[in-house]
Student: 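Could you have a look at this structure, given as structure tokens, before my questions?
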Amino acid sequence: MLVRRRKALEGMKLVRAAIAGYNCGPSNVITGLDQGRSPDFFTAHRDYSKDVLNRSGWFHLHGWD
């Protein structure tokens, strides 16, 4: 994965960067991280990965695997 090679991200930081990259592209995620910003900086409403993870948690709590 491009983001992992460039930024040496692991764990939840890598997951958030990958989700954000789906929305705005990996190069924008890398640019944001290089600028010291959140991986969501260039995403829709600047909270895409956070929103996706929150929604996935809701579905999990309500019986969806």
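This structure is a prediction, so every number in the text was calculated from the model and none was measured.
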Student: Apply side-chain contact (heavy atoms from CB on, under 4.5 Å) to R46 and list each qualifying residue two or more places apart in sequence or on a separate chain.
Tutor: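 Applying side-chain contact (heavy atoms from CB on, under 4.5 Å) to R46 gives F41.
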Student: Find the distance between CG (D51) and OG (S56) and round it off to the nearest 0.5 Å.
Tutor: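 Atom-to-atom, D51:CG and S56:OG are 9.5 Å apart.
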Student: Heavy atoms only: give me the nearest D40-A20 pair and the separation to one decimal.
Tutor: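 Closest approach of D40 to A20, heavy atoms only: OD1-CB, 3.7 Å.
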Student: Between atom CD1 of I19 and atom NZ of K50, what is the distance when rounded to the nearest 0.5 Å?
Tutor: 13.5 Å
Student: What residue among L33, V15, V29 forms side-chain contact (heavy atoms from CB on, under 4.5 Å) with L9?
Tutor: L33
Student: Would you name the heavy atoms of A17 and P39 that are closest together and state the gap between them?
Tutor: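 Nearest pair, atom of A17 first, then P39: CA-CB, 4.0 Å.
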Student: Once ring-ring contact (aromatic ring centres under 6.0 Å, His included) is applied, do any residues pair with H45, and if so which ones, sequence neighbours excluded?
Tutor: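 Partners of H45 under the ring-ring contact (aromatic ring centres under 6.0 Å, His included) test: none.
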Student: May I ask whether Y48 and M12 are part of the same hydrophobic cluster, defined by side-chain heavy atoms of I, L, V, M, F, W, Y residues being less than 4.5 angstrom apart, directly or through others?
Tutor: yes
